[in-house]
Amino acid sequence: MRYLQRRLVHGMILLVGVSIFCFLLSDLAPGSFFDEMKLNPQISSDTIAALQSQYGLDRPLPVRYFRWVKSVLRGEFGYSFAYNSSVRSLLLLRSRNTIFLTALATVFAWLIAVPLGVWAAGQPGRWLDRICMGGTSLLLSLPELVLVFAFLYLVIRTHALPVGGMESTGFEQMDSCAKLWDLGSHLVIPVATLALASLPLLMRHVRASMVETLNSRFIQSARAHGIGRTRLLFRHALPAAANPLISLFGLSVGGLLSGSLLVEAILGWPGLGPLLLESSMSRDLYVVVGIVMASTLFMILGNLLADLLLVCADPRMRVT
Amino acid sequence: MGTEATARAPKTALVRIAALSKRYSQAGGLMGKRFVVDALRGADLDIAPGCLTALVGGSGSGKSTLAKCVAMLEKADSGEIWFEGNTIWPGTSKQLSRLRPKIQMVFQDSASALNPRLSAAQIVAEPLEIQNLGKRSQLRERACELMTEVGLSPDWADRRPLEFSGGQRQRLAIARAIALKPALLILDESLSGLDLSTQAQILNLLLDLQAAHSLTYLLISHDLTLVGQVADFIAVMHQGKIVETGNRQQVLGSPQHAHSKELAASVRVVEEAYRTARVGIER
């Protein structure tokens with residue numbers, strides 16, 4: 001419990017540090033949300049100055065920062081100039097879509113990577129292992145971008161799936177089954193891309209960890225007792241090989257908010273990706289800070305979850 | 001080859017190994033050139049029941065490979081292995097699974113030979129669990145009995161391997177090895193890496209267990225001084241072959257093969273150095 005408290009305090013300090021860093025960087029970056037307005041002859045400089053004053057942008061950086069901290073404590077996380085709403089409402093809606101997408105892709109990637117990695121490690125050097133290793137090498141060498149474009153090319157050629165977005169026009173009028181089908185068909189490309197992008201790394205980690213464990217003496221001892229192959233792999237080897245995989249799982253959870261930004265932006269998925277892109281381009285400061293903070297929070301929680309899982313999974317951690 | 005070996009071997013041998021060969025090959029280099037190591041080149045050995053047979057030889061002579069082949073952890077390329085008159089290599093998986101509990105192995109590094117995630121009781125009880133030899137509570141009770149037999153307190157049943165000292169871990173490994181009442185215990189450098197006092201304690205424990213359970217030992221060791229004290233028979237291994245076998249007086253007293261002579265001479269050098277050092281200390 002004390003460990004948990006200490007980790008939470010560390011997390012809070014990290015969040016404060018990241019928020020200060022974000023504000024400093026945004027202050028150093030050239031331009032502001034109102035620069036584009038200055039080019040518009042219909043908007044007077046007085047109006048722009050009034051708007052800047054209204055949002056507190058004419059104040060020094062520390063004042064702006066503390067005003068933002070106050071709004072965080074109120075649960076608003078600042079104000080979006082472009083959307084004219086609190087950042088919280090924007091983040092809640094967009095992060096829900098992003099998490100839905102990335103969680104699905106992460107589950108798929110792990111469900112494929114673990115059995116495949118264990119299976120490949122059980123027969124290293126054989127042709128099936130070689131196919132797996134060759135396949136993952138190919139996937140590792142392909143950037144996410146290439147995978148998305150390859151899928152898009154296929155879909156455009158075959159018309160088998162919708163090309164982008166999250167739902168088709170007239171989605172609200174559809175019945176439940178049709179809605180589910182529509183959502184599923186929109187999910188195929190982003191989920192497949194994200195799962196294939198993370199699969200090789202996960203599978204190689206599982207395989208490497210399992211190969212190392214399978215060569216250890218206690219596995220040989222277990223074999224000498226006549227233990228069956230399945231029990232050997234899943235009761236002895238996999239739990240012993242799990243520690244690096246649990247840490248990796250923590251990173252996967254940590255990347256739930258930030259791992260799909262590019263794919264979302266390309267495929268028009270209404271998640272945090274397009275929002276971050278738009279907000280960065282228009283210098284919508286508090287939205288950018290909000291997204292960065294949310295991603296950091298997920299990373300901290302993911303690592304904390306991994307550490308807690310490690311304590312549950314490995315009795316040695318409880319001893320130390 | 002196997003028939004000839006059978007004819008050569010004494011009828012009383014618990015384990016009979018005839019013309020055993022094992023080659024390891026690994027692809028390497030940019031051109032995929034295969035590296036080949038002949039670990040065993042037609043090794044022949046008989047292990048007498050109820051005795052301690054020591055397998056000695058330099059590093060890379062094939063001792064551990066031979067032991068792993070007998071323990072059915074490695075598959076030989078050719079040759080034959082009999083155990084209590086039954087062929088275990090080449091043999092069917094049904095034969096192997098029936099005979100496997102009778103041959104157990106204790107490794108050198110007990111820290112890595114025990115699953116770090118399991119408790120002492122789970123480690124000792126696991127062979128019994130695999131063979132379906134009782135319910136969970138019975139298995140734990142039996143594990144505690146075995147721990148007591150090897151000199152470990154049953155109060156430590158819930159401790160993990162890393163909470164034990166090196167000697168205690170080796171006792172735990174021995175408890176696990178004798179759980180299935182094996183006929184043959186292979187001690188692969190099991191006494192190496194322990195301090196002299198612990199080594200002596202473990203050795204005494206092994207000799208007590210041998211007397212109590214009529215165990216046969218195959219001891220693999222680099223320590224010829226130790227082997228000279230405890231082995232009934234010694235087999236000298238060199239470049240994948242058994243080059244000389246006999247009782248310890250024969251092999252260490254009047255060795256025939258050049259490699260055995262070198263090994264025996266090294267024992268004498270060590271003993272002489274030890275005596276000189278002792279005299280120096282006593283003065």
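In the text below, chain A, chain B and the rest are named by the order of the sequence lines, each starting its count at 1.
Heavy atoms of B:I103 lying under 4.5 Å from chain A belong exclusively to its backbone.
The distance from atom CD1 of A:I219 to atom CG of B:L73, rounded to the nearest 0.5 Å, is 12.0 Å.
Applying the 6.0 Å contact sphere to CZ of B:F164 captures more than 12 heavy atoms from other residues, nucleotides or ligands. Within a 6.0 Å sphere centred on CZ of A:R126, other residues, nucleotides and ligands contribute 12 heavy atoms or fewer. Around the OH atom of B:Y24, the shell of radius 6.0 Å holds more than 12 heavy atoms that belong to other residues, nucleotides or ligands. When the shell of 6.0 Å around CD of A:E212 is examined, it contains 12 or fewer heavy atoms from other residues, nucleotides or ligands. Applying the 6.0 Å contact sphere to CD of B:E141 captures no more than 12 heavy atoms from other residues, nucleotides or ligands.
B:R117 places a side-chain N or O within 3.5 Å of a backbone atom of A:A313 that can act as its donor or acceptor partner.
The side-chain heavy atoms of B:M105 and A:Q220, taken from C-beta on, include no pair separated by under 4.5 Å. Within the 4.5 Å cutoff, no side-chain heavy atoms of B:P161 are placed close to those of A:F218.
Using modelled atom types, one finds no donor on one side chain facing an acceptor on the other under 3.5 Å when comparing B:N115 with A:R217.
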